[in-house]
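Written below as structure tokens is the structure these notes are about.
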Amino acid sequence: GADARAALREGLRAAPGHAPLHTLLGSMLDADNDVEGARAAFREALRLHPGDGRTFHAWARLEARLLNWEGLRLLNEQAQQAFPPSRGGAVGGVSFPDDVVV
């Protein structure tokens, strides 16, 4: 609870550019129902590390819990930019050569 939050904030003071700490803060704030605080923390985490899949997942859980379909759509668009399909396609993170039909 409060001790974990205080330790996290101390970590952020020591390393403000550490994206995973912002993601963790966002998850903690989400658990406390501080939606705007959580969104701000996730936004900062993605600003620092645009390709962090953990942040996308944590933020998507928040928006899904709120039934915010527009927010999920926007996150999906942002994730597609961060993780473009590889050549040959990808299914579930597994890439196949061009001559393999999936």
Side-chain angles (χ1 to χ4, degrees):
D3 290 340
R5 199 167 9 271
L8 182 59
R9 290 198 187 275
E10 182 63 30
L12 283 167
R13 275 192 289 282
H18 190 67
L21 288 177
H22 289 278
T23 300
L24 184 56
L25 176 62
S27 294
M28 290 179 75
L29 293 171
D30 180 22
D32 289 343
N33 290 314
D34 180 353
V35 172
E36 292 310 314
R39 285 177 175 149
F42 293 143
R43 195 173 296 113
E44 179 64 7
L46 288 178
R47 185 188 70 76
L48 293 167
H49 187 213
D52 187 3
R54 292 169 296 185
T55 303
F56 279 107
H57 285 248
W59 195 350
R61 279 192 303 272
L62 178 149
E63 301 302 344
R65 180 177 55 79
L66 298 173
L67 304 178
N68 180 3
W69 309 126
E70 179 63 13
L72 283 169
R73 185 188 68 74
L74 293 172
L75 275 175
N76 184 49
E77 286 179 4
Q78 191 175 353
Q80 287 178 12
Q81 292 175 2
F83 306 104
S86 64
R87 290 186 190 182
V91 177
V94 178
S95 295
F96 296 93
D98 290 331
D99 61 338
V100 174
V101 177
V102 181

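Since this is a predicted model, take the numbers as computed values, not measurements.
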Indicate yes or no: does Arg65 engage Asp30 in a salt bridge with an N to O separation below 4.0 Å.
->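 The answer is yes: the pair qualifies as a salt bridge.
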
Quick one: do Leu75 and Val35 end up in the same hydrophobic cluster if we chain Ile, Leu, Val, Met, Phe, Trp and Tyr together by side-chain heavy atoms under 4.5 Å apart?
->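 Yes, same cluster.
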
Give the cluster check for Phe42 versus Met28: same hydrophobic cluster or not, with ILVMFWY residues linked at side-chain heavy-atom distances below 4.5 Å.
->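 In one cluster: no.
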
Among His49, Glu44, Arg47, find the one that has a side chain to side chain contact (heavy atoms under 4.5 Å, CB included) with His22.
->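 When side chain to side chain contact (heavy atoms under 4.5 Å, CB included) is applied between His22 and each of His49, Glu44, Arg47, only Glu44 qualifies.
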
Is any side-chain heavy atom of [Y] closer than 4.5 Å to one of [X]?
X: Leu48; Y: His18; result: no
X: Leu66; Y: Leu62; result: yes
X: Leu46; Y: Phe56; result: yes
X: Arg13; Y: Arg9; result: yes
X: His57; Y: Arg54; result: no
X: Glu63; Y: Glu70; result: no

So, for [X] and [Y], which heavy atoms are closest and what is the spacing to 0.1 Å?
X: Ala58; Y: Ser27; value: CB-OG, 3.8 Å
X: Ala82; Y: Gly51; value: CB-CA, 4.3 Å
X: Leu72; Y: Ala60; value: CD2-O, 3.5 Å

So, taking the atom named [atom1] in [X] and the one named [atom2] in [Y], what distance separates them when rounded to the nearest 0.5 Å?
X: Leu74; Y: Trp69; atom1: CG; atom2: CH2; result: 14.0 Å
X: Leu12; Y: Leu25; atom1: CG; atom2: CG; result: 6.0 Å
X: Gln78; Y: Arg73; atom1: CD; atom2: CZ; result: 12.0 Å

